[in-house]
There are 2 protein chains.
Amino acid sequence: MDGKLATPRPGEPKRTGTRIQKEKRAAILEAGLTVFAEAGFRGATLDRIAGEAGLSKPNLLYYYPSKEAIYDALLRDLLANWLDPLKCLDPEGEPVTELLAYVRRKLEMSRDFPRESRLFANEILSGAPEILPVLEGELRELVEKTALVIDGWVADGRLAPVDPRHLLFSIWAQTQHYADFDVQVRAVLGGPDFDGAARHLDLMFRRILEV
Amino acid sequence: MDGKLATPRPGEPKRTGTRIQKEKRAAILEAGLTVFAEAGFRGATLDRIAGEAGLSKPNLLYYYPSKEAIYDALLRDLLANWLDPLKCLDPEGEPVTELLAYVRRKLEMSRDFPRESRLFANEILSGAPEILPVLEGELRELVEKTALVIDGWVADGRLAPVDPRHLLFSIWAQTQHYADFDVQVRAVLGGPDFDGAARHLDLMFRRILEV
DNA sequence: TTGCAATTTGACCAAGTGGTCAAAACAACG
DNA sequence: CGTTGTTTTGACCACTTGGTCAAATTGCAA
């Protein structure tokens with residue numbers, strides 16, 4: 001062929017291609033995640049990503065046409081998983097249980113996917129140039145919807161009164177802190193302490209939320 | 001002279017020099033804070049810092065010998081102010097009042113010095129290459145000391161039982177969140193909401209801490 | 001005013017950057 | 001085997017980056 005990778009629909013997520021294409025693209029995203037999470041978009045270099053992925057730079061650019069394409073692909077994948085736990089919150093469930101489960105799930109994500117958390121944090125810290133629309137659109141709507149649910153619970157007397165939006169901020173801040181500030185946590189504690197964090201957050205939010 | 005800026009003690013903080021030296025150095029730090037906070041160390045460029053400070057690049061390098069020198073100076077200034085509020089926590093005071101005042105103060109710092117908060121966040125996110133020793137040394141000791149105080153309060157029955165270290169993480173995470181994730185907060189809320197945050201945190205920590 | 005130190009700058013450099021391209025190497029399949 | 005399309009690479013390019021330097025300009029005290 002003419003040297004350009006043949007993708008049926010260039011704009012769409014790249015789930016197509018040969019076995020090699022899938023493997024290499026996965027390796028690139030994996031490496032990109034590591035590098036972007038640590039250095040941010042501007043701080044990351046194609047050379048480092050290529051090295052980390054075990055490819056030469058031109059070879060990397062054969063699979064993704066630019067640095068930004070890799071970054072965008074990562075952010076897109078990320079956001080789907082990121083918003084998911086909040087969607088899982090069940091308006092029919094027991095309020096405190098539902099919220100504690102959400103906290104727990106977010107904390108587990110910080111433990112299991114710290115790079116994703118840091119990638120997100122870096123994007124926000126630098127002003128969210130890429131994902132501001134999503135924040136103002138999808139995320140905002142989701143928060144509003146959840147806020148209504150929580151307000152309902154409070155009105156029914158099944159939850160202690162709280163500002164639902166700031167409550168969500170509290171949950172995000174505290175759970176993501178264990179991924180984003182991992183270095184600091186380890187420095188202060190002398191090592192990671194997932195169980196301690198889980199117990200602490202469970203206790204805290206129980207006291208806050210129980211009527 | 002020979003073109004090198006004359007500083008009595010090159011390693012020491014630069015409080016010496018002519019009026020112009022003080023002004024320009026302050027302008028550089030100011031600009032550096034803005035740029036480093038937004039882009040991180042690797043993402044920041046001397047050109048942008050110089051531009052923001054209204055200097056040419058060589059002129060900037062006349063006052064600070066390298067990019068890292070500016071960054072280091074900023075981090076050093078930052079850390080002093082950063083640790084200060086925790087030092088102000090009075091072991092003799094009323095436990096809940098003391099801790100709520102600490103929360104409040106940290107929140108005010110996020111409002112008044114958001115760039116400092118983001119600079120710190122960026123440094124930690126990229127693995128704290130510059131300040132890890134401080135975290136493992138001074139910060140850790142300070143936390144240990146404070147943990148003893150809090151444990152004492154709990155033992156005396158003047159505070160509901162909490163893990164003091166994770167409590168500090170909770171406070172840091174939630175207060176700094178309003179600076180570091182400012183973009184997200186605005187996107188979700190449609191604007192900043194310091195008073196709302198202050199009320200929420202006050203309420204939350206009251207519920208957590210009161211016996 | 002004059003002289004000297006402090007300050008500022010334009011020109012420059014080596015290294016690193018994102019990205020291109022033609023050609024080579026490889027895989028697959030008849 | 002040969003052919004055809006896929007994958008990989010070395011060489012290369014324009015641009016940015018952190019940093020240098022000698023020379024020009026400015027501030028200031030005697």
Side-chain angles (χ1 to χ4, degrees), chain A residues 1-8 10 14-29 31-32 35-36 38-74 126 129-130, chain B residues 1-10 14-29 31-32 34-36 38-74 126 129-130:
Chain A
M1 255 249 274
D2 63 352
K4 288 254 189 291
L5 201 167
T7 324
K14 308 213 175 107
R15 310 233 168 283
T16 53
T18 68
R19 175 184 50 89
I20 289 186
Q21 277 174 38
K22 284 186 196 168
E23 281 175 15
K24 293 292 162 76
R25 277 205 274 248
I28 291 168
L29 290 182
V35 177
F36 282 125
E38 187 190 309
F41 181 76
R42 289 224 49 201
T45 73
L46 287 182
D47 275 309
R48 236 195 102 192
I49 297 174
E52 207 103 1
L55 274 67
S56 66
K57 187 169 56 170
N59 198 9
L60 181 155
L61 286 164
Y62 169 71
Y63 290 104
Y64 284 91
S66 70
K67 188 180 171 181
E68 229 190 313
I70 305 174
Y71 189 70
D72 286 351
L74 281 170
S126 54
E130 221 69 36
Chain B
M1 252 249 272
D2 63 351
K4 288 258 188 289
L5 201 165
T7 324
R9 293 153 176 269
K14 308 210 176 111
R15 311 234 166 283
T16 55
T18 69
R19 173 186 51 89
I20 290 186
Q21 276 173 39
K22 283 184 196 166
E23 282 174 15
K24 294 292 164 75
R25 278 205 274 248
I28 291 168
L29 290 182
T34 298
V35 177
F36 282 126
E38 187 190 308
F41 181 76
R42 288 225 50 202
T45 74
L46 287 183
D47 275 306
R48 237 195 102 189
I49 297 174
E52 207 104 2
L55 274 67
S56 66
K57 188 170 57 171
N59 197 9
L60 181 154
L61 286 163
Y62 169 71
Y63 290 103
Y64 284 91
S66 69
K67 186 180 174 183
E68 227 190 314
I70 306 175
Y71 189 71
D72 286 351
L74 281 169
S126 55
E130 221 68 36

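Labels below follow one simple rule: chain letters A, B, ... track the order of the sequence lines, proteins then strands, and each chain is numbered from 1. Atoms considered below: every heavy atom in the structure, side chains included; atoms not considered: hydrogens, waters and symmetry mates. Keep in mind it's a predicted model, so treat the numbers as computed, not measured.
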S.K.: Can you list, in residue-number order, the parts of residues 41-59 of chain B that come under 4.0 Å of DNA chain C, counting heavy atoms only?
M.R.: B:Arg42, B:Ser56, B:Pro58, B:Asn59

S.K.: Could you work out which one of D:dT8, C:dT7, D:dG19 sits closest to the side chain of A:Tyr63?
M.R.: D:dT8

S.K.: Provide the full list of salt bridge (Lys or Arg N to Asp or Glu O under 4.0 Å) pairs with a residue in residues 52-71 of chain A, sequence neighbours left out, each pair given once.
M.R.: A:Asp47-A:Lys57

S.K.: First locate atom CD1 of A:Ile49, then atom CD1 of A:Ile70, and finally report the distance between them rounded to the nearest 0.5 Å.
M.R.: 5.0 Å

S.K.: Over 60° means perpendicular and under 30° means parallel, so tell me whether B:Phe36 and B:Tyr71 are parallel, tilted or perpendicular.
M.R.: perpendicular

S.K.: Can you tell me how far the CG atom of B:Leu55 sits from the CG atom of B:Leu60, to the nearest 0.5 Å?
M.R.: 6.0 Å

S.K.: What is the distance, to the nearest angstrom, from the CG atom on A:Leu61 to the C1' atom on D:dC13?
M.R.: 14 Å

S.K.: Note down the inter-axis angle between the two ends of the helix from C:dT1-D:dA30 to C:dG30-D:dC1, five pairs each, to the nearest 10°.
M.R.: 0°

S.K.: Can you tell me the distance, in whole Å, between the CD atom of A:Glu68 and the P atom of C:dT17?
M.R.: 18 Å

S.K.: Could you tell me how far apart B:Lys67 (NZ) and D:dG19 (P) are, to the nearest whole angstrom?
M.R.: 8 Å

S.K.: Quick one: is B:Tyr62 getting a side-chain N or O under 4.0 Å of the D:dC21 phosphate, OP1 or OP2?
M.R.: no

S.K.: Can you tell me how far apart OH (B:Tyr64) and CG (B:Asp72) are? Round to the nearest 0.5 Å.
M.R.: 11.0 Å

S.K.: What is the distance from CG of B:Leu60 to C1' of C:dT7, rounded to the nearest Å?
M.R.: 13 Å

S.K.: Below the 4.0 Å mark, does C:dA6 have OP1 or OP2 next to a side-chain nitrogen or oxygen of B:Gln21?
M.R.: no

S.K.: Only counting residues at least two apart or in another chain, list the ones meeting side chain to side chain donor-acceptor pair (under 3.5 Å) with B:Thr34.
M.R.: B:Arg115

S.K.: Using the test salt bridge (Lys or Arg N to Asp or Glu O under 4.0 Å), find all partners of A:Glu130 that sit at least two apart in sequence or belong to another chain.
M.R.: none

S.K.: Whole Å only: how far is the OH atom of B:Tyr71 from the C1' atom of D:dG19?
M.R.: 20 Å

S.K.: What's the separation between atom CZ in A:Arg25 and atom OH in A:Tyr62, rounded to the nearest 0.5 Å?
M.R.: 9.0 Å

S.K.: Which heavy atom of B:Ala44 sits nearest to which heavy atom of B:Ala39, and what is that distance?
M.R.: N-CB, 3.7 Å

